[in-house]
K.L.:
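Dropping a structure here in structure tokens format, bear with me for questions.
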Amino acid sequence: MNAPYDGDRGQGAGGAASPGGPPLPPDAGQDGSVPPDPYLQHAYEDDPYRAQDLAAQDPVDEALYDRAAHPPPPPGTYQQPAPLYQQPPPAPYAPDPRIWAQTPPPEPAGPSRHLPYGDRPATTQFVGVDALVTQASDDRQEPDAFAHLFRDQEGSGKPPVPPQPETAPAPVPAKGGGGKVSGLLKSSAVMAAGTLVSRLTGFVRSLVITAALGAALLGDSFTIAYTLPTMIYILTVGGGLNSVFVPQLVRAMKDDADGGEAFANRLLTLVMVALGLIVAAAVLVAPVLIKLMSSTIADDVAANSVAVTFARYCLPTIFFMGVHVVMGQILNARGKFGAMMWTPVLNNIVMIITFGLFIWVYGTSGESQMGVDTIPPEGVRLLGIGTLLGLVVQSLAMIPYLRETGFRFRPRFDWKGHGLGKTVKLAKWTVLFVLANQAGVLVVTQLATAAGTASGHDGTGFLAYSNAQLIWGMPQAIITVSVMAALLPRISRAAHDNDPGAVRDDISQGLRNSAVAIVPVAFTFLALGLPMATLLYASSGIEAARSMGFILMAFALGLIPYSVQYVVLRGFYAYEDTRTPFYNTVIVAAVNAATSALCYVVLPARWAVVGMAFSYGLAYAVGVGVAWRRLRNRLGGDLDGAHIVRTYARLCMAAVPAALVGGAVGFGILELVGTGALGSLAALICGGVILLGIFFVAAKKMRIEEVNGLVGMVRGRLGR
């Protein structure tokens, strides 16, 4: 189309054509030769370096060249440099697209963590905590995607073998929410389900105990004896086992050649020996322990006799508590979180059957009017043996789970020089931490028992305080503890790798994820605590049930700082810092004891325990302020505080109108129908549905991302 005319191509001025080449100069000959240029003749004939080796002498640097220190190479040895750029040899086989062309996993839902080294969140695979802990000690050989490029070099003198078709690894399933979040939610869901069932059966156990023994002095005597083993266990080794030994077990699994099995056996043996000695000493001094717990009960001869007898049946449970906790922590470190949450259900079932038999034989407390001076010795023996049997069954149920993970218990007494000394040193501060906490509990126990006796009303003593606290602590155990139990091994690894950013992000995630449920439940207790208690504890009498309802309402909002404190302290434990939590707990216990004593002195005896319940939450609010500042400094001055505070503030803003409307509806139904079981159930259902409905609508309108993420997860689970 626009091509030049080929007829004139290649012709010079003289008419000579050079087909296929450029035009020739005008002075070219007939054969195409060009005469030499007179200006370029003999231009390079006088070059003095033409015959010399260029590597032997440099005319520019000759004057500065130290020939003695750096003799030049001999002539003729200069190697010509290889070409710098050339095409690589072609590969004998093409890359296998089944290996390198897999679809990358999706980016996790919600705000993702900043990835170091320029990694892209859209193509980075996150692994759940279950897989991290379970595969921590496995030495797997990853497939080499380029192995087929070098198969022609295998063998000597053999022709290359064509590659066999390889089985491509299964693509990573695209789970909603990403691998890290879905793994955490899966672990938390398993533990939350087990804790929920455990707490529900614990409620039934509490109801049966209250129905059998009442909410007066006999019920307080059993509650004191039943609480005593737990308190002694926590004071001695429980605090260290719960908080210190998980990071140690994770490190042993990561660093030891046997995956930490020898360390776990030594730890379990040491705990069994220590708890055996503690049980023997505690049984001998049971009367002194009852006196320390409640001087009011100890001064009453009949109540003291019943309480000491109950205590001697219950104190051996210290041993089985410790064994159960150590086994559970070994399973947690190996990525198995469910057993520790599910096995307490067996304990509750055994105790429910025991107290059910007691009611079947003697009737309820309202029917028999049984007290500390009329309860038969056979009844005390039945309740004591059943309580002990429940903890035995709970501990033995952990053995099949351990065998499933490949762990075999072999007693080991070679404790010295294997890291247990460091662990005990770390646990020292945790024991002091628990000691400070239990000192506050002792003060409350003494004051609550005295107030209940002085008031002359049922449901105003220590049993009422314990029952209300049992309801109040259920969301904490189901939600916060489950979330942090799954996060704690990951936080421990991040602290071990000196990654404060990862520790901060995990703590922020734990606080915000747990707040979605903790905040509305706290306001639900405030608005509907009265119908909740009258429904659950109606068998102990309407007066006692209403008193427990008021105590629960006083506890309510303290659930928020209590949950925050629990999460924040996990950050210190991840860094093996047990001293800071000790000092923090001293502050909490001191505030709790001081404000409880003030309530006992200022308030009437009937309302003193209500004031003590409010003091409990107030003390933890003070403790959160102290712990938050210290952990923020530990992590370099950043704890994602603005994000966390904004989430909690917006959740509270959504919960306040919901609590006002739901509480008004609940109290209105109680006034119309009455405070019986039917009226309490109707008030709780109607008020609760309205409260939660308003809360979630308000939270969705405010675009609280954690609530939207929870709703999305629930819809995904339901397949909608």
K.L.:
Any pair with a residue in residues 303-317 that passes side-chain hydrogen bond (donor to acceptor under 3.5 Å, both in side chains), sequence neighbours left out, goes on the list, sorted by first then second residue, please.
P.N.:
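Listed by first then second residue: nothing to list.
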K.L.:
Search all heavy atoms of Gly688 against all heavy atoms of Leu528 and return the closest pair with its distance.
P.N.:
N-CD1, 3.4 Å
K.L.:
Can you list everything that forms a salt bridge (charged side-chain N to carboxylate O under 4.0 Å, His left out) with Asp299? Sequence neighbours excluded, please.
P.N.:
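Here the qualifying residues are Lys291.
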K.L.:
Show me the side-chain donor-acceptor pairs of residues 541-558 shorter than 3.5 Å, one per line, residues at least two apart or across chains.
P.N.:
unit_1: Glu543; atom_1: OE2; unit_2: His457; atom_2: ND1; d: 2.5
unit_1: Ser547; atom_1: OG; unit_2: Glu543; atom_2: O; d: 3.1

K.L.:
Would you call Tyr616 and Val444 a side-chain contact if the rule is heavy atoms closer than 4.5 Å?
P.N.:
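Result no, sub-4.5 Å side-chain heavy-atom pair not found.
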K.L.:
If you look only at pairs with a residue in residues 211-223, which of them pass as a side-chain hydrogen bond (donor to acceptor under 3.5 Å, both in side chains), with sequence neighbours excluded?
P.N.:
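Not a single pair qualifies under side-chain hydrogen bond (donor to acceptor under 3.5 Å, both in side chains).
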K.L.:
To check you understand the geometry: which heavy-atom pair defines the closest contact between Ala397 and Thr343, and what is its length?
P.N.:
CB-CG2, 3.8 Å
K.L.:
Any idea which heavy atoms bring Ile290 and Ala311 closest together, and the distance?
P.N.:
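Looking at all heavy atoms of both residues, the closest pair is CD1-CB, 4.1 Å.
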K.L.:
Please confirm whether the backbone N or O of Ser198 pairs with a side-chain atom of Thr201, one donor and one acceptor, at under 3.5 Å?
P.N.:
yes
K.L.:
Who are the side-chain hydrogen bond (donor to acceptor under 3.5 Å, both in side chains) partners of Thr230, not counting sequence neighbours?
P.N.:
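Residues passing side-chain hydrogen bond (donor to acceptor under 3.5 Å, both in side chains) with Thr230: none at all.
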K.L.:
For Thr445 and Tyr465, does a side-chain donor sit closer than 3.5 Å to a side-chain acceptor?
P.N.:
no
K.L.:
If the condition is ring pair (Phe, Tyr, Trp, His ring centres under 6.0 Å), which residues does Phe319 pass it with, not counting sequence neighbours?
P.N.:
none
K.L.:
Do you know the tightest heavy-atom contact between Leu315 and Ala282?
P.N.:
CD1-O, 3.3 Å
K.L.:
Main chain of Gln446, side chain of Thr449: is a donor-acceptor contact present, judged purely on distance under 3.5 Å?
P.N.:
no
K.L.:
Where do Tyr566 and Tyr562 land on the ring-ring contact (aromatic ring centres under 6.0 Å, His included) test, with the steps shown first?
P.N.:
CA-CA 6 Å; Tyr566 182 88; Tyr562 182 67; 7.6 Å; no
K.L.:
Applying side-chain contact (heavy atoms from CB on, under 4.5 Å), can you list everything that pairs with Ala450, at least two apart in sequence or on another chain?
P.N.:
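Scan of Ala450 (side-chain contact (heavy atoms from CB on, under 4.5 Å), adjacent residues dropped) gives Thr296, Tyr600.
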K.L.:
Just wondering, do Phe695 and Phe523 contact through their side chains at under 4.5 Å, heavy atoms?
P.N.:
no
K.L.:
Side chains of Cys314 and Leu228: does their closest heavy-atom pair fall under 4.5 Å?
P.N.:
no
K.L.:
With sequence neighbours excluded, what pairs up with Thr354 under the side-chain hydrogen bond (donor to acceptor under 3.5 Å, both in side chains) test?
P.N.:
none
K.L.:
With a 4.5 Å heavy-atom cut-off, do Val361 and Glu378 have their side chains touching?
P.N.:
no
K.L.:
Residues two or more places apart in sequence or in another chain: which of them pass side-chain contact (heavy atoms from CB on, under 4.5 Å) with Pro604?
P.N.:
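Listed in chain order: Trp607.
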K.L.:
For residues Pro475 and Val521, report the shortest heavy-atom separation together with the two atoms involved.
P.N.:
CG-CG1, 3.2 Å
K.L.:
According to the side-chain hydrogen bond (donor to acceptor under 3.5 Å, both in side chains) rule, which pairs have a member within residues 383-399, sequence neighbours left out?
P.N.:
His324-Gln394
K.L.:
Can you pull out every ring-ring contact (aromatic ring centres under 6.0 Å, His included) where at least one residue sits in residues 347-375? Sequence neighbours excluded, please.
P.N.:
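Every ring-ring contact (aromatic ring centres under 6.0 Å, His included) pair that includes a residue of residues 347-375, provided the two are not neighbours, is Phe222-Phe355, Phe358-Tyr362.
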K.L.:
Kindly write out the residues that satisfy side-chain hydrogen bond (donor to acceptor under 3.5 Å, both in side chains) with Ser294, not counting sequence neighbours, or none if the list is empty.
P.N.:
none
K.L.:
Should Leu275 and Ile278 be marked as a side-chain contact (heavy atoms from CB on, under 4.5 Å) after you check the CA-CA gap, both sets of side-chain angles, and the distance that decides it?
P.N.:
CA-CA 5 Å; Leu275 290 178; Ile278 292 171; 4.2 Å; yes
K.L.:
Met272 versus Leu268: any side-chain heavy-atom pair under 4.5 Å?
P.N.:
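With C-beta onward as the side chain, the pair touches.
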K.L.:
Please report the shortest heavy-atom distance between Thr480 and Ser514, naming the atom on each side.
P.N.:
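Looking at all heavy atoms of both residues, the closest pair is OG1-CB, 3.8 Å.
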